[in-house]
Amino acid sequence: MNDVLGSLKRSNYCGKISEEDIGKEVVLMGWVAKRRDLGGVIFVDLRDREGIIQIVMNPTISEEAHEKAKELRSEYVIAARGMVVKRPAGTENPELKTGNIEVNVTELRILNVSKPPPFPIEEKVDISENIRLKYRYLDLRRPNILKNFILRHKLAKAVRDYFNDHGFLEVETPFLTKSTPEGARDYIVPSRIHLGKFYALPQSPQLFKQILMISGFDRYFQIVKCFRDEDLRADRQPEFTQIDVEMSFIDVDTIQEVTEGMIAHIFREVMNIELALPFKKLTYNEAIDRYGLDRPDTRFDLFLVDITDIMKNSKFKVFQDVVSRGGIIKALNLPGGGRFSRKEIEDLNEIISIYEAKGLSWMKYTEKGWTSPISKFFSNSQLDSIKEKMKVNEGDLILIVADNPEIVNNALGNLRLHLARITGIVEEERYNFVWITDFPLFEYDKEEKRYVSVHHPFTSPKEEDIPFIESEPLKVRAKAYDLVKKQKQSLDFS
RNA sequence: GGGGGCGUAGUUAAGCUGGUUAUAACGCCGGCCUGUCACGCCGGAGGCCGCGAGUUCGAGUCUCGUCGCUCCCGCCA
């Protein structure tokens, strides 16, 4: 039988009690995180939103409270009245923020009992996502989950403060709306009133940009959900939140300035990190050329090098064929990669084959010169050119992929990331914001046999490229920019 | 749409080339314990080995199917 709350009023949060409260009577409400029954005395770690404090049920202080505490189990919800005291010398717990104090309980009420939780309510749990979501209300009790919510709250506040200070209006746009052409698959909602018809949920709220812009809302933003009915990935959810920022009558520099300012403000306010402004810039072509991907991880120096010109006249038939079909040959120089065993190198084939590259060629440069199954196909001058162009030193490993440009860049770009992971050369804690500029406006869709927008259909072309729209659409660059952080696209604008 | 991996106690895992009663840790239950905080000590319970077929004298283990989860490619303006 549960006790009732009665007239008890909470006086403090568990985690907020400090040594200043010593000598005060407090009333706490919380969850039993841990019970330690030593027979004569019972300790309970009591948890609420703000943290944990140890409460003590000692029969010499209250026979009744001690008796009742024998019933306590994990996740029971209790109310406890007691005196805040300094812990006896030698029993402090430095692991706990409240580790120098405890509460001697004079009155204990069990507000609700609990079955044993299916997993421990602790910071670190090694439990499948499945189980955690099944018992979401328990998972949400974990302190580090709460921490994420607090972080998110601070972030949203920082965003609102920033834009408010810069003359932006916060708006809301509808969720039940029309399908838009191109882009992701829509989530649809059947209509009861219009039988047989459906609403689409917005893939992104930029959908409403034009109507607000032409109505004179020249600076607005929203923190808003986007819905895309596409297959999931580890870092991809079916619905996610975006900060939508829209401005009229501005130029690229202004957008970048405002955006960088926002990000710097968030990092300062939320994480107390000062970012160096302005962020670095790379064109789309440079990114593909040097990193293979349009979202390069620039935290480590390992670059793709085009060696098509050097290799195209070699006696290696595989390379000849690739080049004659319009393909390219690119390579990575992994410094010190010479220590990789033959098998370790061969295993890298698995990585590139994921991206449909057919084979990985390799050459080691050792004290005895080149070691490689394919170096015999190349002349000395070709090998010297490689050595010079790729800045090869003794002990280095050259990894080569030859195929059509899309496959080569994608495969080597991802191999580059893989090598960085397995050799540990990435500075994980470093933030490396980089703008990717000059995206192409269109790409050719082989399945649909037509040109489609790389970004979205409302993206402007660069003014100087407008003459090529009809003649050479693939050459037209867009006024579209991505901001990349830690190898993830974190922002785009157009 | 395609490919890989995993489903064993409440949880996390082990279980070899098929062979006694399916292990361990934590958790749970009972007992003891007045300074613990990963409390300790003693004892105990707990399993449709995801599901269904098949091979076999015998299946957690092999085969096929099926369901669920997970990761990747494609896809995600």
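Lettering of chains follows the sequences in order, A, B, ..., and the numbering in each one begins at 1.
Across all strands, A:E92 comes closer than 4.0 Å to base atoms (heavy-atom distances). Nucleic acid contact class of A:L38 (heavy atoms, under 4.0 Å, all strands): base. Heavy atoms of A:I131 sit under 4.0 angstrom from primed sugar atoms or phosphate atoms, though from no base atom. Within 4.0 Å of A:N410, counting heavy atoms only, lie sugar-phosphate atoms of the nucleic acid but no base atom. Contacts of A:D492 with the nucleic acid, taken as non-hydrogen atoms under 4.0 Å apart, are absent. Among the atoms of the strands shown, only primed sugar atoms or phosphate atoms (P, OP1, OP2) are found under 4.0 Å from some heavy atom of A:G183. Residue contacts shown for A:N93 include a base, since a base heavy atom lies under 4.0 Å away. Counting any heavy atom pair closer than 4.0 Å across all strands shown, A:P118 reaches sugar-phosphate atoms only and no base atom. Counting non-hydrogen atoms under 4.0 angstrom, A:S128 reaches the backbone sugars and phosphates but no base. Using a 4.0 Å heavy-atom criterion, one finds that A:P117 contacts no nucleic acid atom at all.
When the C1' atom is compared between B:rG18 and B:rC57, the two are found 12 Å apart, to the nearest whole Å. For the P atoms, the distance from B:rA22 to B:rC33 is 37 Å, rounded to whole Å. Distance check on atom C1': B:rG31 versus B:rG50 gives 38 Å, rounded to whole Å. Look at the C1' atom in both B:rG30 and B:rC49: the space between them is 29 Å, to the nearest Å. One C1' atom belongs to B:rC75, the other to B:rU56, and the distance between them is 46 Å to the nearest Å. Atom P of B:rA13 sits at a distance of 25 Å from the matching atom of B:rU20, rounded to the whole Å. Rounded to the nearest Å, the gap between the C1' atom of B:rC39 and that of B:rA45 is 23 Å. Between the P atoms of B:rC71 and B:rA25, the separation comes to 31 Å (whole Å).
If you check distances only, the side chain of A:E129 never reaches the base of B:rU70 with a donor-acceptor pair under 3.5 Å. At a cut-off of 3.5 angstrom, the base of B:rG4 holds no donor-acceptor pair with the side chain of A:E350.
Rounding to whole angstrom units, CG of residue A:N130 and C1' of B:rC71 are separated by 14 Å. Across the protein-nucleic acid pair, A:R36 atom CZ and B:rC32 atom C1' stand 19 Å apart, rounded to whole Å. B:rG74 atom C1' lies 13 Å from atom CG of A:N414, rounded to whole Å.
Across all strands shown, B:rA53 forms a Watson-Crick or G-U wobble pair with B:rU63, both key distances being under 3.5 Å. Checking B:rC41 for Watson-Crick or G-U wobble geometry (two distances, each under 3.5 Å) identifies B:rG31 as its partner. In this structure, B:rC75 makes no Watson-Crick or G-U wobble pair, since no nucleotide meets both defining distances under 3.5 angstrom. Base-pair partner of B:rA24: B:rU12 (Watson-Crick or G-U wobble, both distances under 3.5 Å).
At least one side-chain nitrogen or oxygen of A:R73 sits closer than 4.0 Å to the OP1 or OP2 atom of B:rC29.
Contact of the A:R87 side chain with the A:N100 side chain is not registered, since no non-hydrogen atoms from C-beta on lie closer than 4.5 Å. The shortest distance between side-chain heavy atoms of A:D482 and A:R295 does not fall below 4.5 Å.
A donor atom on one side chain and an acceptor atom on the other are found under 3.5 Å apart for A:T60 and A:N58. Side-chain atoms of A:N410 and A:N414 form a donor-acceptor pair, as typed in the model, at a separation below 3.5 Å.
Heavy-atom distances to RNA chain B give each of A:A184 and A:Y355 a nearest nucleotide, and the one nearer the 5′ end belongs to A:Y355. Between A:P88 and A:D37, the one whose closest nucleotide on RNA chain B sits nearer the 5' end is A:P88.
Summarising the geometry, atom CZ belonging to A:R421 is positioned 9.5 Å from atom CG belonging to A:D297; distances are rounded to the nearest 0.5 Å. Between the CG atom in A:D294 and the CD atom in A:Q489 there is a gap of 7.5 Å [rounded to 0.5 Å]. A:F279 CZ to A:N432 CG: the interatomic distance, rounded to the nearest 0.5 Å, is 10.0 Å. The line from CE of A:M83 to CD of A:E25 is 6.5 Å long, rounded to the nearest 0.5 Å.
With centroids closer than 5.5 Å and planes inclined by less than 30 degrees as the test, A:F43 and the base of B:rU36 pass as a stacked pair.
Checked for salt-bridge contact, A:D45 and A:R36 meet the test: a charged N lies under 4.0 Å from a carboxylate O. Salt bridge absent: A:K86 and A:E92 never bring a charged side-chain N and a carboxylate O closer than 4.0 Å.
Aromatic ring pairs are classed by plane angle as parallel below 30°, tilted from 30° to 60° and perpendicular above 60°; the pair A:F433 and A:Y431 is parallel.
Here A:D251 pairs with A:T254 under the side chain to side chain donor-acceptor pair (under 3.5 Å) rule; sequence neighbours left out. Here A:K34 pairs with nothing under the side chain to side chain donor-acceptor pair (under 3.5 Å) rule; sequence neighbours left out. With sequence neighbours excluded, no residue forms a side chain to side chain contact (heavy atoms under 4.5 Å, CB included) with A:K178.
Within residues 415-426 of chain A, no residue is approached by RNA chain B to less than 4.0 Å at the level of any non-hydrogen atom. Near RNA chain B, defined here as any heavy-atom distance below 4.0 Å, the residues from residues 225-248 of chain A are A:R228, A:E230, A:D231, A:R233, A:A234, A:R236, listed numerically.
Nearest nucleotide to the side chain of A:T91, out of B:rU12, B:rG27, B:rG35: B:rG35. Side chain of A:I127, nearest nucleotide from B:rU11, B:rU36, B:rA38: B:rU11.
Both tests pass for A:R416 against the ring of A:F300: distance under 6.0 Å to the centre and angle within 45° of the axis.
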Between protein and nucleic acid, restricted to nucleotides 41-44 of chain B and to nitrogen or oxygen atoms under 3.5 Å apart, what atom pairs and distances do you find?
none

